[in-house]
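First up is the structure itself, then whatever we jot down about it.
Predicted, not measured: the structure shown is a model, and the values here were computed from it.
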Amino acid sequence: MKVTPETLPQVPKIRSLAVSADGGTLALVVQVLDGARFRDTFWQAAADGSSPPREVDLDGLEPSQPAYLADGSLLFCSAPPEPSPEPEARSVYLLPPGGGTPRCLLTVPGGISAMEVAPSGWVLLRAWMFPKAADLAEDAATGARRAAAGADAVLFEELETRDEGRLFGPRLPRLLRFHVDAPDTQTDLTPAAGSGLVESDQAISPDGERVVTTWKKVAPYGFRDYSLELIDGSGQRAIAVDGQFTAPAISPDGRFVVTEKLNVGTPERAERFSLWLVDLDKEEGFDLTGDFPLWTDVPFWSADSRFVYFVADERGHAPIFRVNVQTREIEKVAQGSFAAVYSGARPCASPVEDAIFGVRYSYAEVPRLVRIDGPASPGARVTTLPFYGDEVELDGVASEMTCRTKDDFEIHSHLVMPLGASAEAPVPLVLWAHGGPRGWNAQNFWLRCPYFLAERGYAVLMVNPGRSTGYGQALLQRGWSDHAAHIPDDLLAALDEAVKRPDIDAGKLAAMGHSFGGYMANWLAGRSQQFKAVIISEGVWSWELDQGLSAKPTMWEEELGDPYQNPEAWARNSPKQNLEHISTPMLILHGGKSHLVPQALQEWTDLIRHDVPAKFLFMPEEGHFLNRKPSDIVIYHQTVLAFLDHHVLGKPWVQPALLG
């Protein structure tokens with residue numbers, strides 16, 4: 001099967017990964033195409049790769065957040081067993097050891113945004129409930145009264161009102177703990193949470209006695225104060241402050257918690273990411289990764305609690321590292337790219353042996369499920385486990401290249417060349433800018449896949465400019481606060497290096513990007529006339545518009561400053577200022593459920609009013625990532641190819657058939 005707009009939705013994608021308590025079985029949640037929609041299915045695989053994985057029939061349930069108990073049973077979340085009038089309702093199910101019929105343990109009418117499970121049978125839910133409801137029964141009754149009256153109004157009293165998926169109100173999240181042997185008896189650990197648990201992460205200790213959660217407290221002027229909180233028999237208290245904390249993980253021996261910590265930036269100083277470790281007995285913590293220069297992510301523990309594994313961006317890849325909790329020594333244990341951004345399939349460790357599991361991303365092959373044995377030794381062995389991928393044919397050759405920037409930094413790029421390219425038959429090239437800005441290329445193969453372009457005969461250059469997170473703090477600082485000062489020039493420097501190749505046609509170039517990459521593509525459109533086409537998906541056009549649109553309205557103030565006191569910085573970073581210099585044909589792609597819709601509408605208006613050749617593909621049901629509906633994925637990629645073929649190759653415009 002070749003990678004085309006039509007086949008992209010057909011490839012199975014691993015969304016979640018868990019290891020059984022005996023280390024012998026992997027639980028996989030796999031997204032598959034089911035007619036006109038995607039469906040999440042459940043698979044079990046031998047952890048040693050000795051047998052092919054098998055799909056497990058869950059009586060039509062679509063699972064999420066799988067987790068094993070010590071006896072081999074499996075917990076997961078899915079829709080309620082009976083149709084619910086509550087659109088967000090989710091239930092917790094138990095699948096007995098060896099299979100059988102899943103049993104519903106409880107249902108949360110307002111939904112479950114996270115579930116953490118201790119092998120001993122204790123379960124922690126981040127459950128959405130009406131603030132005045134004393135329990136789930138009262139919450140359901142309140143929801144029924146609102147539904148009967150046709151009421152859906154929300155009264156906001158705080159600045160943040162929503163994320164990509166739902167409104168922050170009238171229900172808000174709370175933490176409920178229960179044991180699988182008594183699911184009807186839940187303890188509400190945070191009855192007065194308010195909005196403190198909105199967009200939070202949790203961990204539960206192996207014995208279920210301790211819970212660690214991130215927390216957001218309302219501060220003056222719409223800001224938030226962040227903390228890491230411990231909840232146990234003595235109550236709730238902060239155990240770490242002065243940072244934004246995410247992804248806590250408690251050690252198997254219950255002594256420590258490790259968490260990601262973002263040291264928030266200012267307009268003068270770039271943000272910094274590290275791992276923070278807290279001794280839960282002493283309630284004292286320290287920076288575990290110290291001066292480690294890379295952007296740490298996705299911490300998880302070794303079975304013996306001696307090491308914390310983590311993923312870190314490194315020059316266009318994301319290897320797995322580990323840090324010794326006692327000595328703080330850091331070493332790389334697995335090459336490749338294991339970032340879980342957008343996919344959800346985080347790497348994890350076996351609870352009984354020296355092995356870790358994850359999904360490895362690469363442009364040289366499709367994402368593969370792998371097992372890494374002996375990560376404690378320099379000669380760790382990586383084994384590709386049987387699942388999917390052999391049937392996918394990649395029509396292209398992947399390589400890597402570097403170049404020097406104007407100010408003499410070295411930056412990295414991935415390059416995929418179509419088969420058959422040569423000096424006698426040079427090919428057109430598409431420069432593809434990545435999103436983020438906390439990011440790099442290769443984070444998600446299927447979300448932004450270069451091979452649909454390569455199969456059509458385009459070379460694809462995926463640049464990691466200096467603002468990418470794989471170079472260290474110096475280059476992050478260089479791209480901070482003034483986005484146009486260096487990042488567009490980095491992209492063009494990589495392009496200049498690539499077109500030195502005789503098998504690339506320097507007269508047939510295009511640029512495209514998504515999110516922050518779309519923002520950069522907007523800058524390129526106003527800065528360079530060498531492109532035949534520019535494609536923007538979900539990109540910022542005017543920062544002055546963004547403050548009131550963003551799900552976190554104060555987030556960019558950390559970098560651009562107060563827009564009321566320093567509006568010049570916001571205007572300086574807006575590619576709209578170069579509108580009069582834009583003449584390149586432009587394609588805008590946008591989702592109707594994305595908070596950035598007004599950006600697209602304003603850019604579309606400005607382009608048309610200035611007579612720039614442009615098209616605007618609007619997908620009403622899509623969010624920011626443009627990957628919810630199979631038909632939208634097909635139309636998105638077909639439209640991109642049609643636009644490129646028309647403006648880069650000079651072919652007649654052919655509108656995708658699904659557009660009518």
Any donor-acceptor N or O pair under 3.5 Å, side chains R39, Q31:
no
Centre-to-centre under 6.0 Å for F516 and H483, is that the case here?
yes
Backbone N/O of K576 and side chain of S542: donor-acceptor pair under 3.5 Å:
no
Lys/Arg-Asp/Glu bridge criterion (N-O < 4.0 Å) met for E559, R467:
yes
Does this structure show an ion pair linking R315 with E410, if we count only N-O contacts that are shorter than 4.0 Å?
yes
Is there a donor-acceptor contact under 3.5 Å linking the side chains of S515 and H624?
yes
Between H514 and S537, is any side-chain donor less than 3.5 angstrom from a side-chain acceptor?
yes
Aromatic contact, H414 with Y363 (centres under 6.0 Å)
yes
With a 4.0 Å cut-off on N to O distance, would you call R456 and D395 a salt bridge?
no
Just by modelled atom types, is the L596 backbone N or O under 3.5 Å from a matching donor or acceptor in the H590 side chain?
yes
Taking S528 for its side chain and L524 for its backbone only, find out whether a donor-acceptor pair lies under 3.5 Å.
no
Looking at S362 and A364, would you say the former's side chain and the latter's main chain have a donor-acceptor pair under 3.5 Å?
yes
I'd like to know if the side chain of E314 and the backbone of L294 have a donor-acceptor N/O pair within less than 3.5 Å.
no
Any salt bridge between E62 and R37, counting N to O under 4.0 Å?
yes
Is the backbone N or O of D163 less than 3.5 Å from a side-chain atom of E199, with the two atoms forming a donor-acceptor pair by type?
no
Between Y519 and W543 (judged by ring centroids, cut-off 6.0 Å), do the two rings come close enough to count as a pair?
yes
Compare every heavy atom of A510 with every heavy atom of F531, then report the nearest pair and how far apart it is.
CD2-C, 3.5 Å
Could you check whether R90 makes a cation-pi contact with W128, meaning its NZ or CZ is under 6.0 Å from the centre of the six-membered ring and within 45° of the ring axis?
no
Kindly indicate whether a cation-pi arrangement holds for K615 with W604, taking the cut-offs as under 6.0 Å to the six-membered ring centre and within 45° of the axis.
no
Side chain of S594, backbone of G591: donor and acceptor closer than 3.5 Å?
no
Test ring-ring contact (aromatic ring centres under 6.0 Å, His included) on W43 and F387 and set out the steps.
CA-CA 10 Å; W43 296 67; F387 184 54; 5.4 Å; yes
Do the side chain of E538 and the main chain of G518 share a donor and acceptor less than 3.5 angstrom apart?
no
Is the side chain of E622 donor-acceptor paired with the backbone N or O of K629 at a distance under 3.5 Å, no angle test?
yes
Looking only at atom types and distance, does a side-chain atom of R527 sit under 3.5 Å from a main-chain N or O of A484, one as donor and one as acceptor?
yes
